[in-house]
Amino acid sequence: MADACIIDGKKFSAELQEDIKQRTNILKKEHKIIPGLATVLVGEDPASEVYIKNKEKRITEVGMVSYGKRLPKDISEKDLLAVIGTLNKNPDINGILVQLPLPHQIFEKNIIASINAHKDVDGFHPLNVGALSNGNEGLVPCTPRGCMILIDSVCRDLTSKTAVIVGRSNIVGKPLAQLLLRANCTVTVAHSHTKDLPDLCRSADILIAAAGQPEMIKGDWIKPKAIVIDVGINRKKTQNGTNRLVGDVDFEKALKVAEAITPVPGGVGPMTIACLLENTLIACCLQNGVKVPDA
Ligand code: NDP
């Protein structure tokens, strides 16, 4: 059997980013509006610093304005809520992104709920979560949206497909289940208490791995010709002592069985930021009462 097609997330992300750049330009020319995104980082976690700098760079690359906010790691929840309140009121800021995780003294759910739902470009606010499950319009979480674009690139019609998602987090597994349901899949969400996970995975036409467990999903867990989307990002020590990024799927083995598969790195990861830019554009248009420019 021929090897699976490797779904190139970098390529799709670059295409989406270019598309957003053009649409942002149209918004500027026709309506004199420039989308703005506030990125809030609490503390100095090196990984979070890298993520946020990357997001800020991409925001400016598409012609939007980035408002970076760096806050001390010992900030109180009350003070952080006050910062969010100010950003909520600022009409130049159309999107607010609070980099997670937050320090232990802050209750994440309170912060997420305090963001104006129309500026919630991560799609984590309860109103956006509810809209997604009701089938209403709202801002959709970026990683699940990116997964759907990648799946669509290899399979246009998902009707009647069996989808299995390994992982039930609020940011990946649960919202992705809603999007796949909308696309008429039959969806099962697995987690750490699921029995017979290998068998369940073998039933999947579309298998999404979002457990954060390095190479947990073996080649013989995959149904021949399945579409495999690997969301996991894990560091694995190599024999020479360096770190290498791996997903939740044993990629080399899966390549021999699947129809199409995303690599790690270079699969789902790059799509997440591109979808954040898209959400910022959508949020900006909604707040200004203008139609989102066509691609
Ligand atoms: P969480 O830790 O929040 O959730 C992990 C989920 O996987 C939980 O539901 C957990 O079950 C389940 N799980 C863990 N171990 C097993 C197991 N052995 N068998 C079955 N289920 C298991 O992770 P996230 O959703 O935040 O992230 C998942 C992965 O995706 C991580 O590697 C993360 O780095 C990556 N990620 C990548 C992104 C990207 O842009 N590419 C964005 C976001 C995340 P239970 O609920 O029972 O504990």
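Counting convention: from 1, in listed order, for ligands and their atoms alike. The analysis underlying the following values was restricted to heavy atoms, covering all of them including side chains, and did not include hydrogens, waters or symmetry mates.
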Asker: Could you see if L87 belongs to whatever hydrophobic cluster contains L81? Use Ile, Leu, Val, Met, Phe, Trp, Tyr and a side-chain cutoff under 4.5 Å.
Answerer: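 The answer is yes; both residues are in one hydrophobic cluster.
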Asker: Do T39 and E56 have side-chain atoms, one donor and one acceptor, less than 3.5 Å apart?
Answerer: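 A pair is found: one side chain offers a donor N or O, the other an acceptor, under 3.5 Å apart.
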Asker: With hydrogens left out, which residues have an atom under 4.0 Å from ligand 1, given that only heavy atoms count?
Answerer: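 Ligand 1 pocket, heavy atoms under 4.0 Å: T143, V166, G167, R168, S169, I171, V172, H191, S192, H193, L197, A210, A211, G212, Q213, M216, V231, G232, I233, N234, V268, G269, T272.
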Asker: Rounded to the nearest 0.5 Å, how far apart are CE of M148 and CD1 of I206?
Answerer: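 Interatomic distance, M148 CE to I206 CD1, rounded to 0.5 Å: 7.5 Å.
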Asker: Within this structure, what is the CE-CG distance for the pair M64 and L277, rounded to the nearest 0.5 Å?
Answerer: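 If we round to the nearest 0.5 Å, M64:CE and L277:CG are 5.5 Å apart.
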Asker: For R58 versus S13, what's the shortest heavy-atom pair and its separation?
Answerer: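 Closest heavy-atom pair between R58 and S13: NH2-OG, 3.1 Å.
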Asker: Just verifying a value: how many Å separate C155 SG and L150 CG, rounded to the nearest 0.5 Å?
Answerer: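 Reported to 0.5 Å precision, the distance equals 13.0 Å.
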